[in-house]
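Below is one structure, written out as structure tokens; comments come after it.
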Amino acid sequence: MKDRRSPVSYWPEGHDKVQAEPIFALRTWADIGYLRMLGIPLMEGRFFNRRDRLGSTQVVMINEEAARRFWPGESPLGKTIVDDRKQDPDAAGMTVVGVVGDVRTNGLRQAPQPMVYEAALQVRGRQGWLLIKSARSAVSLLPDIVGRLRAVDPDLRTYAQQYYRFDHLVRDSIWRLNYSMLLLVGLAGLALLVSSVGIYGVLSYTVRQRTREIGLRLALGADRSHVMNTILRQGISVAIAGVVIGGAAAAALSRYLSSLVHEVQPLDWLTLVFVSGIMLAAALLASYQPAAKAARMDPMTALRHE
């Protein structure tokens with residue numbers, strides 16, 4: 001059970017309340033199994049347990065970003081934080097018992113925010129969400145779950161019964177990024193196709209224009225493989241020039257392009273080499289047919305060509 005995340009300012013232990021400012025973090029309540037069920041890893045300390053309830057020492061868990069903000073370079077375990085909304089400057093703090101991994105609450109492109117998880121069993125009058133991990137549809141489980149909860153507590157009030165699948169939530173959070181990547185991939189494929197067709201067309205036209213020259217060379221004893229390699233080199237040289245110019249442009253624009261994708265280095269040499277190899281392979285395939293046609297040319301027919 002947890003509530004919606006809300007922004008709260010905290011005073012970490014050791015901060016000067018006269019000269020310093022409170023530190024902002026997102027607050028949420030979590031019960032014993034909440035973090036484990038979501039797969040949020042424990043980095044240090046422990047998870048909440050059944051001893052963390054009303055009447056016991058108030059405890060919290062924080063994420064790694066909050067630990068860096070509250071106590072940079074120090075272990076947060078055993079230290080305390082105070083909710084800035086409490087007017088009493090001497091109010092008892094909440095003890096940090098665990099540190100968990102960062103979670104991107106605002107989408108993949110936003111940096112992780114500081115998070116403070118307060119123990120749900122130590123809070124009265126919580127209005128929260130029930131999280132269920134099941135292979136079955138949540139719709140079919142809702143009536144039985146509500147019935148069992150009311151059997152435990154007849155006064156329990158339930159509000160709008162809606163359900164959200166986590167895979168759908170993730171999909172909805174990245175759909176813009178997915179469509180952007182699909183668009184870029186489609187445009188890249190189209191550019192590869194157009195460039196291949198262009199190389200093929202230029203070489204085919206060149207072979208037609210040089211038909212008499214090629215026929216004369218063959219008639220004088222030129223090796224057919226030499227003729228074929230000459231045409232292939234012509235096509236590959238154009239492709240290499242394009243790869244060099246395109247690679248330089250990609251390197252210059254890499255920092256801008258890195259903002260369109262998630263956690264990609266501004267200049268990825270492995271990707272650049274891989275794409276360059278694809279371009280050269282496409283150019284080789286596009287050059288092969290005109291080169292093979294030139295090598296198979298009949299000298300006498302070529303010499304009579306107008």
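In what follows, every heavy atom counts, from backbone to side chain, and hydrogens, waters and symmetry copies are set aside. In this chain, numbering begins with 1 at the start of the sequence shown. Values in this document were obtained by computation on a predicted structure and should not be read as measured data.
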>> Does Val116 form a side-chain contact (heavy atoms from CB on, under 4.5 Å) with Val8? I'd like the steps, not just the answer.
In response: CA-CA 9 Å; Val116 173; Val8 177; over 6 Å; no
In a table with atom names and distances, give each donor-acceptor pair under 3.5 Å that connects a side chain of residues 66-73 to protein atoms at least two apart or in another chain.
| from | atom 1 | to | atom 2 | distance (Å) |
| --- | --- | --- | --- | --- |
| Arg68 | NE | Glu65 | OE1 | 3.3 |
| Arg68 | NH2 | Glu65 | OE1 | 2.8 |
| Arg68 | NH2 | Asp102 | OD2 | 3.0 |
| Arg69 | NE | Glu65 | OE2 | 3.0 |
| Arg69 | NH2 | Glu65 | OE2 | 3.4 |
| Trp71 | NE1 | Glu13 | O | 2.9 |

Return a table of donor-acceptor pairs under 3.5 angstrom between the side chains of residues 274-289 and protein atoms on other chains or two or more places apart.
| from | atom 1 | to | atom 2 | distance (Å) |
| --- | --- | --- | --- | --- |
| Ser276 | OG | Leu272 | O | 2.7 |
| Ser287 | OG | Ala283 | O | 2.7 |
| Gln289 | OE1 | Tyr200 | OH | 3.4 |

Which atom pairs, donor and acceptor, lie under 3.5 Å between side-chain atoms of residues 228-245 and protein residues at least two apart or in another chain?
| from | atom 1 | to | atom 2 | distance (Å) |
| --- | --- | --- | --- | --- |
| Asn229 | ND2 | Ser225 | O | 3.1 |
| Thr230 | OG1 | His226 | O | 2.8 |
| Ser237 | OG | Arg233 | O | 3.1 |
| Ser237 | OG | Gln234 | O | 2.7 |

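Summarising the hydrophobic clusters (Ile, Leu, Val, Met, Phe, Trp, Tyr; side-chain heavy atoms under 4.5 Å, direct or chained), the residues clustered with Leu270 are none.
In terms of hydrophobic clustering, with Ile, Leu, Val, Met, Phe, Trp and Tyr side chains grouped at heavy-atom distances under 4.5 Å, Leu42 and Tyr117 are assigned to a common cluster. Grouping the Ile, Leu, Val, Met, Phe, Trp and Tyr side chains by contacts below 4.5 angstrom, directly or via other members, places Tyr10 with Ile23.
Here the CZ-CZ distance, from Phe48 to Arg53, works out to 13.5 Å after rounding to the nearest 0.5 Å. Note that CD1 of Ile62 is 11.5 Å distant from CE of Met115, once rounded to the nearest 0.5 Å. Atoms CD and CD, on Glu44 and Glu64 in that order, are 9.5 Å from each other to the nearest 0.5 Å. The distance from the OG1 atom of Thr95 to the NZ atom of Lys79 is 11.5 Å, given to the nearest 0.5 Å.
Residue pairs meeting the salt bridge (charged side-chain N to carboxylate O under 4.0 Å, His left out) criterion with at least one partner in residues 140-149, sequence neighbours excluded, are Asp144-Arg148.
Residues Arg46 and Asp52 meet the side-chain proximity criterion, which asks for heavy atoms closer than 4.5 Å. In this structure, the side chains of Leu35 and Met61 come closer than 4.5 Å at one or more pairs of heavy atoms. For the pair Asn63 and Val103, the minimum side-chain heavy-atom distance is 4.5 Å or more.
Put simply, the side chain of Gln122 gets close to the backbone of Val59: a donor and an acceptor are under 3.5 Å apart.
Residues passing the side-chain hydrogen bond (donor to acceptor under 3.5 Å, both in side chains) test with Arg51, sequence neighbours excluded: none.
Counting all heavy atoms, side chain and backbone alike, Val99 lies closest to Pro76 at CG2-CG, 3.3 Å.
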